[in-house]
Q: 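The structure follows.
Just so you know, these numbers use all the heavy atoms, side chains as well, and skip hydrogens, waters and symmetry mates.
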Amino acid sequence: MPVVYADMGTIPDDLVLPALRALMALPGAADACDANTGQPRPDATEYCLAVYRTPQDWRVSWPVRKQMGERGACQPPMGGVADKDFGSDLPIFGFAHNHPCGTDMSSADLLVFPAVKVGEARWTMIEYAVSPGGSPARDARGRPIPAWAWLVTGHAETPRFLKWNFAGEVFRWSDAERQWRLEARCEPGPPRNLGSTLPPPKCYPR
C-alpha cells in the first residue's frame, strides 16, 4: 500500500488511485459474483480504508475487511485511525472502498463521511475533513476542506473509479484525460418502509 505523500494542498490522486487498485487485488475484492443470481458469492469481500493527513504527510489506513456473503458491507474507521507515528486524532479526509460484484455506489455509500463525537456515545457525520476530536482540516485561507468518498468497482482488469462529496456530486476518473469528470448529482433513495434496505440512489446527469 502507498502511504506517504508530502503535498499538503489537495488530496493526491497519486495516493488514492493506487490504493484503490491495491484494494481490487485483495482476495474476494473483484469479480466475486454468482453467475446465476448476480449476487455476491460467499467469498466476496469489501474492504474500506481512510484517507488522512498527519502533520508531515498524506497516508491511507490499513484496509478494514468485511466478508460479505449475501448482505453487508465493511464499516470504515469512523472513529479515527491508529497511526503508529502520530496517534489517532488526525483529520480524516474521507473513506475509500471496493464493490466486489461490480456494482456502482449505493444509497448507503452516499451517507458515509467523517464523523465527530457528540456527547458521550453519539457520532455525527459532517461534510468536511475533521479529526475525531472535532478539529477541522483547513486550507491556506483557513476554510474547512471538503471530505470525499471513493469507490473502485467493475472488473479487476478494467476497474472504474468514482468519487463524490457530501453534496452528492459524483465524479468518474478518466485515464485518458488524467482527471475526474463530473458525471451526475445523486441523492440516497428513501427507504420504502421501516427497516428495509435502501433503494438505489436517484441520480441526475450533469
Side-chain angles (χ1 to χ4, degrees), residues 11 13 15-51 60-61 63-78 92-114 125 127 146-192 196-206:
I11 304 166
D13 293 328
L15 171 68
V16 175
L17 294 172
L20 290 172
R21 289 189 176 95
L23 289 187
M24 287 291 263
L26 295 173
D31 300 315
C33 276
D34 185 305
N36 295 319
T37 66
Q39 296 297 311
R41 297 194 310 256
D43 64 318
T45 307
E46 190 170 292
Y47 299 88
C48 299
L49 57 80
V51 177
V60 296
S61 66
V64 175
R65 180 175 183 264
K66 169 68 177 182
Q67 196 80 16
M68 291 189 68
E70 289 295 320
R71 302 283 182 186
C74 63
Q75 295 297 316
M78 300 292 290
I92 304 296
F93 285 74
F95 303 114
H97 73 292
N98 68 290
H99 277 183
C101 214
T103 55
D104 284 331
M105 64 187 180
S106 67
S107 287
D109 291 337
L110 286 167
L111 300 172
V112 180
F113 276 83
M125 282 174 282
E127 62 187 291
W148 291 88
W150 296 268
L151 170 69
V152 57
T153 187
H155 300 290
E157 299 303 318
T158 55
R160 300 191 308 275
F161 303 101
L162 301 173
K163 76 171 184 177
W164 56 91
N165 55 27
F166 198 80
E169 295 172 322
V170 180
F171 297 78
R172 181 170 176 174
W173 176 256
S174 168
D175 274 328
E177 299 178 28
R178 301 297 301 167
Q179 66 178 354
W180 296 96
R181 295 182 57 86
L182 180 62
E183 295 262 298
R185 187 183 181 283
C186 298
E187 57 189 41
R192 295 187 178 95
S196 67
T197 57
L198 294 175
K202 296 179 179 178
C203 292
Y204 308 93
R206 63 183 180 91

Q: So do P63 and R65 actually touch side chain to side chain, heavy atoms under 4.5 Å?
A: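 R65 does not reach P63 side chain to side chain.
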
Q: On a heavy-atom basis, which atom in A30 and which in M24 lie closest, and how many Å separate them?
A: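 That would be CB-CE, 3.7 Å.
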
Q: Would you name the heavy atoms of P114 and G94 that are closest together and state the gap between them?
A: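 That would be CG-N, 4.1 Å.
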
Q: Can you list the residues that meet the salt bridge (Lys or Arg N to Asp or Glu O under 4.0 Å) rule with R185, with sequence neighbours excluded?
A: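 R185 satisfies salt bridge (Lys or Arg N to Asp or Glu O under 4.0 Å) with E187 only.
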
Q: I'd like to check V51 versus I92 (side-chain heavy atoms, cut-off strictly below 4.5 Å). Are they in contact?
A: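 Heavy-atom side-chain distance check fails, nothing below 4.5 Å.
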
Q: Is there a side-chain contact between P100 and T45 in this structure, where contact means two heavy atoms from C-beta onward sitting under 4.5 Å apart?
A: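 SC-SC contact between P100 and T45 ruled out.
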
Q: Taking the side chain as C-beta and beyond, is there a heavy-atom pair between S106 and L198 under 4.5 Å?
A: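 A side-chain contact under 4.5 Å is absent here.
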
Q: Contact between M78 and V112 at the side-chain level, heavy atoms closer than 4.5 Å - yes or no?
A: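 Contact flag for M78/V112 side chains = yes.
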
Q: Specify the closest pair of heavy atoms between P18 and L15, including all atoms of both residues, with the distance to one decimal.
A: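 Taking P18 first and L15 second, the nearest heavy atoms are CD-O, 3.5 Å.
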
Q: Looking at every heavy atom in both C101 and P40, which two are closest together, and how far apart are they?
A: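 So the minimum-distance heavy-atom pair works out to SG-N, 3.9 Å.
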
Q: Which residues pass the side-chain contact (heavy atoms from CB on, under 4.5 Å) test with C203, not counting sequence neighbours?
A: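 Partners of C203 by the side-chain contact (heavy atoms from CB on, under 4.5 Å) criterion, ordered by chain and then number, come out as M105, A184, C186, P201.
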
Q: My understanding is that only residues two or more places apart in sequence, or in another chain, count here; which of them pass salt bridge (Lys or Arg N to Asp or Glu O under 4.0 Å) with R181?
A: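 Residues passing salt bridge (Lys or Arg N to Asp or Glu O under 4.0 Å) with R181: E177.
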
Q: Rounded to the nearest 0.5 Å, what's the gap from OG on S107 to NZ on K202? Could you check?
A: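 Those atoms lie 9.5 Å apart.
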
Q: Kindly state each residue pair satisfying salt bridge (charged side-chain N to carboxylate O under 4.0 Å, His left out) with at least one member in residues 100-113, sequence neighbours excluded.
A: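 Only D104-R160 qualify under salt bridge (charged side-chain N to carboxylate O under 4.0 Å, His left out).
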
Q: Are the side chain of N98 and the backbone of E46 linked by a donor-acceptor contact shorter than 3.5 Å?
A: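 No; judged by distance alone, with no hydrogens or angles, the pair does not exist.
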
Q: Write down the atom of A19, the atom of V60, and the distance for their closest heavy-atom approach.
A: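 Heavy-atom minimum between the residues: CB-CG1, 4.3 Å.
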
Q: F171 vs L162, test: side-chain contact (heavy atoms from CB on, under 4.5 Å). Steps then yes/no.
A: CA-CA 6 Å; F171 297 78; L162 301 173; over 6 Å; no

Q: I'd like to know whether CD of E157 has more than 12 heavy-atom contacts from other residues, nucleotides or ligands below 6.0 angstrom.
A: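 No - once you tally the heavy atoms of other residues, nucleotides and ligands closer than 6.0 Å, there are 12 at most.
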
Q: Using side-chain heavy atoms (C-beta onward) and a distance below 4.5 Å, is F113 in contact with F95?
A: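 The answer is no, as the side chains (C-beta and beyond) never meet within the 4.5 Å cut-off.
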
Q: So, taking the atom named CG in L20 and the one named CG in L49, what distance separates them when rounded to the nearest 0.5 Å?
A: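 If we round to the nearest 0.5 Å, L20:CG and L49:CG are 7.0 Å apart.
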
Q: Yes or no on side-chain contact (heavy atoms from CB on, under 4.5 Å) for I11 and V16, after CA distance, side-chain angles and deciding distance?
A: CA-CA 8 Å; I11 304 166; V16 175; 3.9 Å; yes

Q: With side-chain hydrogen bond (donor to acceptor under 3.5 Å, both in side chains) as the rule and sequence neighbours excluded, what pairs involving residues 167-176 come up?
A: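 Checked against side-chain hydrogen bond (donor to acceptor under 3.5 Å, both in side chains) - neighbours excluded - the pairs reaching residues 167-176 are N165-E169, W173-D175.
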
Q: Can you give each donor-acceptor pair under 3.5 Å made by side-chain atoms of residues 148-155, sequence neighbours left out, with the distance rounded to 0.1 Å?
A:
unit_1	atom_1	unit_2	atom_2	d
T153	OG1	G102	O	3.3
T153	OG1	T103	N	3.2
T153	OG1	T103	O	2.6
H155	ND1	D31	OD1	2.7

Q: So, Y47 side chain and C74 main chain: donor-acceptor pair closer than 3.5 Å or not?
A: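 Between the backbone of C74 and the side chain of Y47 there is no qualifying donor-acceptor contact (under 3.5 Å).
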
